[in-house]
Amino acid sequence: MPEMPEHHDEGSAIASTGAGGATDLAMSEAETLEKAPGGPEGTGPDKKARSLWSDAWHDLRRNPIFIISGLIILFLVVIAIWPQLIASGNPLDCDLSKAQEGSQPGHPFGFNGQGCDVYTRTVYGARASIQVGVLATLGVTLLGSVLGGLAGFYGGAWDGFLSRITDIFFAIPVVLGGLVLLSVVSNNSVWPVIGFMVLLGWPQISRIARGSVITAKQNDYVQAARALGASNSRMLLRHITPNAVAPVIVVATIALGTYISLEATLSFLGVGLKPPTVSWGIDISSASQYIRNAPHMLLWPAGALAVTVLAFIMLGDAVRDALDPKLR
């Protein structure tokens, strides 16, 4: 009897693969995706989740505003520490015979009313302004964060007492307070100005820190740590502070430029830094009476002050955009 030829149709071909073959194919594809770097969209098992800080740094490195402002601030800090790198003269060497003269070879910014080189004084003026701004910001941030953080964490009577003290300090006009407090100080150093800024500047940071701590302590991980018997100091330092410090950093970065501007304002009014200290505010004050005859005396220190304040405000805005998840 003749043998019947085998007949393979499409259904038998699929059936011959069997369920095991389909399973093997699926497993091989899964292994391929798992071996790929980071898997699809970078979500494989080898891909580590980025924290808030690493994610913020990732965004900052790609933000041109942060790069430009950071380079400007870096340059200002360098010349504040080593002004002799770009200015070889002495800011206190003056020649009355050259008073109010314009740009000359070796003196690109001209001379002021006392015959001092405006370029040299503008470069050396960065030291006092940066020093006051940085130290005042550090003092304000430290004092305000500690007081506000403790008030937000413990609440109760301490929170109510600190809130009333904060309201009192908020009611004091900053410039008027500086005129009153610094007018009785005869010290020519930067420390009275820094102390005044810390005294009147901490309430803003305190209120920001208080709100951040109150928000952070309501999270589930803090409640879990409390249920497991963690002490108050451990919860505050290990769980709450790292997650509440971002708004404080943003406000402090922007406030740094404000404190530099405030120092120049107080020096302009005659109650801030005083000669022989070299400051942009002092030079702007002395040049204001010659603005019609010698505008270059006012242009350069005022321009340096404006660029410095703008750089810190731009840096603060970039940091705020990177640390605020709502703006992503």
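A heavy-atom distance below 4.5 Å is not found between the side chains of L85 and I79. Residues W57 and F66 are in side-chain contact: their nearest non-hydrogen atoms beyond the backbone lie under 4.5 Å apart. Side-chain contact between D167 and R207: present, with at least one pair of heavy atoms (C-beta onward) separated by less than 4.5 Å. A heavy-atom distance below 4.5 Å is not found between the side chains of Y259 and V132. Side chains of L273 and V190 form a contact here, defined as non-hydrogen atoms less than 4.5 Å apart. The closest side-chain heavy-atom distance from I254 to D317 is below 4.5 Å. With contacts defined as side-chain heavy-atom distances shorter than 4.5 Å, the pair F312/I130 qualifies. Annotation: side chain of D59 is not in contact with side chain of D321 (no heavy-atom distance under 4.5 Å).
Checked options F169, F170, F196; the residue passing with W202 is F169 (criterion: ring-ring contact (aromatic ring centres under 6.0 Å, His included)). Residue S69 is tested with T253, L315, V319 for a side chain to side chain contact (heavy atoms under 4.5 Å, CB included); the sole match is L315. No option in I284, I282, L262 other than I282 meets the side chain to side chain contact (heavy atoms under 4.5 Å, CB included) test with S267.
A continuous path of ILVMFWY side-chain contacts below 4.5 Å connects I205 to L150, so both sit in one hydrophobic cluster.
Closest non-hydrogen pair, M297 versus S286, comes out as CE-O, 4.5 Å. Heavy atoms only, all atoms of each residue included: P64 and R62 are closest at CD-O, 3.5 Å. Heavy-atom minimum distance, G110 versus D117: O-OD1, 3.4 Å. Closest heavy-atom contact between A128 and V278: CB-O, 3.5 Å.
Formation of a donor-acceptor pair under 3.5 Å by the W280 side chain with backbone atoms of T122 is found in this model. No side-chain donor-acceptor contact under 3.5 Å links S129 to the backbone of A126. Checking side-chain atoms of K217 against main-chain N and O of T215 turns up no donor-acceptor pair under 3.5 Å. The closest donor-acceptor contact from the side chain of H296 to the backbone of E101 lies under 3.5 Å. Proximity of a side-chain donor or acceptor of S212 to a complementary backbone N or O of A209 within less than 3.5 Å is not detected. Under a 3.5 Å cut-off, the side chain of R121 and the backbone N or O of P91 do form a donor-acceptor pair.
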Listing, residues 135-147 side-chain donor-acceptor contacts under 3.5 Å, not counting sequence neighbours, or none:
unit_1	atom_1	unit_2	atom_2	d
T137	OG1	G133	O	2.6
T141	OG1	T137	O	2.7
S145	OG	T141	O	2.6

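Ring geometry, W300 versus F109: the interplanar angle falls under 30°, so the pair is classed parallel (tilted spans 30 to 60°).
Remark: Q114 CD is loosely packed, at most 12 non-hydrogen atoms of other residues, nucleotides or ligands lying under 6.0 Å away. For I65, the CD1 atom counts as loosely surrounded, since its 6.0 Å shell holds 12 or fewer non-hydrogen atoms of other residues, nucleotides or ligands.
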Fill in: Steps toward side-chain contact (heavy atoms from CB on, under 4.5 Å) verdict (N90, T120)
CA-CA 7 Å; N90 188 334; T120 304; 5.9 Å; no
